[in-house]
Amino acid sequence: MAEQNEPLCGGISSELQDSDLQDALDILNTSLDKLASKGDKPSLKVVKVKSVTSQVVAGTLYRYKVQLAQGDAIKESDVKIWSRPWLPENGTNITINLEGDDNVIESTF
């Protein structure tokens, strides 16, 4: 039987903590840096982390509720990162929904 804090296979984990949380934040920051380097995408920085969960789905799907800064503007944001590290190319997909912005930012690298 799975421990209380262990996610079931395919299920969404409870909020990540400790080293799992730090690993997920490293993935978020690296993904935001790669997104900004594309030139046609915005430069976003994490201001505050509200929650982070993960789900095993042919890789790992991370879901973040964060505040992101774009210049002086700080916006509540929902970020999803689908990580498939075994793929030599296009192994990471990021989708960002900024509060008050109708456009969804999406990129694969």
Side-chain angles (χ1 to χ4, degrees):
M1 180 171 219
E3 293 291 321
Q4 186 173 359
N5 290 337
E6 286 184 33
L8 296 173
C9 184
I12 298 173
S13 71
S14 56
E15 286 194 36
L16 299 181
Q17 298 176 16
D18 304 323
S19 63
D20 292 334
L21 175 60
Q22 188 57 54
D23 291 344
L25 294 177
D26 290 344
I27 290 168
L28 174 60
N29 287 316
T30 299
S31 296
L32 290 174
D33 289 344
K34 286 182 180 179
L35 182 71
S37 72
K38 289 194 154 214
D40 63 336
K41 302 293 183 186
S43 177
L44 301 165
K45 298 292 179 196
V46 177
V47 174
K48 182 177 180 181
V49 176
K50 296 188 169 191
S51 69
V52 181
T53 60
S54 67
Q55 180 179 6
V56 177
V57 288
T60 305
L61 178 61
Y62 295 96
R63 290 183 174 94
Y64 305 82
K65 291 198 177 291
V66 294
Q67 289 181 340
L68 295 177
Q70 182 178 6
D72 291 336
I74 297 176
K75 294 187 176 184
E76 300 291 324
S77 307
D78 291 320
V79 180
K80 292 181 185 176
I81 298 176
W82 183 21
S83 175
R84 295 164 294 164
W86 63 88
L87 294 178
E89 291 182 24
N90 299 325
T92 301
N93 175 268
I94 184 169
T95 305
I96 302 171
N97 292 307
L98 298 169
E99 183 180 280
D101 192 338
D102 292 335
N103 295 326
V104 173
I105 300 165
E106 186 170 6
S107 187
T108 301
F109 37 85

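One is the number of the first residue; the rest follow in order along the sequence. Excluded from the calculations below are hydrogen atoms, water molecules and symmetry mates; all remaining heavy atoms, backbone and side chain alike, are included.
Distance check: S43 OG to L35 CG gives 8.5 Å after rounding to the nearest 0.5 Å. L44 CG to I74 CD1: the interatomic distance, rounded to the nearest 0.5 Å, is 12.0 Å. For the atom pair L16 CG and L25 CG, the distance stands at 8.5 Å (nearest 0.5 Å). With rounding to the nearest 0.5 angstrom, the CD atom of E15 is 13.0 Å from the CZ atom of R63. Annotation: the span from D26 atom CG to S19 atom OG amounts to 10.5 Å, rounded to 0.5 Å. Note that CD1 of I94 is 10.5 Å distant from NZ of K34, once rounded to the nearest 0.5 Å.
Cluster annotation: V47 and L98 are assigned to distinct hydrophobic clusters (Ile/Leu/Val/Met/Phe/Trp/Tyr, side-chain heavy-atom contacts under 4.5 Å, transitive). Hydrophobic clustering, with ILVMFWY side chains joined whenever heavy atoms are under 4.5 angstrom apart, groups L21 together with V46.
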side-chain contact (heavy atoms from CB on, under 4.5 Å), that's the test. Do S54 and D20 meet it? Break it down for me. CA-CA 9 Å; S54 67; D20 292 334; over 6 Å; no

Give the intermediate values and the outcome of side-chain contact (heavy atoms from CB on, under 4.5 Å) for residues L68 and V79. CA-CA 10 Å; L68 295 177; V79 180; 4.1 Å; yes

Step by step, would you call T95 with W82 a side-chain contact (heavy atoms from CB on, under 4.5 Å)? CA-CA 9 Å; T95 305; W82 183 21; over 6 Å; no

Would T60 and I27 satisfy side-chain contact (heavy atoms from CB on, under 4.5 Å), going step by step from the backbone distance to the final call? CA-CA 11 Å; T60 305; I27 290 168; over 6 Å; no

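With a 6.0 Å radius and a threshold of 12 heavy atoms from other residues, nucleotides or ligands, K65 has its NZ atom at or below the threshold. For NZ of K80, the number of neighbouring non-hydrogen atoms (other residues, nucleotides, ligands) closer than 6.0 Å is 12 at most. The 12-atom threshold is exceeded at CG of D40, counting heavy atoms of other residues, nucleotides or ligands nearer than 6.0 Å.
Two residues are said to be in side-chain contact when any heavy atoms from C-beta on lie closer than 4.5 Å; V52 and V66 fail this criterion. Put simply, the side chain of N93 reaches to within 4.5 Å of the side chain of E106, judged on heavy atoms.
For the pair Y64 and I81, the tightest heavy-atom approach, listed with the atom from each and the gap, is CE1-CD1, 3.7 Å.
The backbone N or O of S83 sits nowhere less than 3.5 Å from a side-chain atom of Y62 that would complete a donor-acceptor pair. Judged by distance alone, the side chain of R84 and the main-chain N or O of N90 form a donor-acceptor pair under 3.5 Å. K75 contributes no side-chain N or O that, together with a main-chain N or O of N97, makes up a donor-acceptor pair within less than 3.5 Å.
Side-chain contact, Q22 with D18: no donor N or O sits under 3.5 Å from an acceptor N or O. Side chain to side chain, S107 and K38 meet the donor-acceptor criterion of an N or O pair below 3.5 Å.
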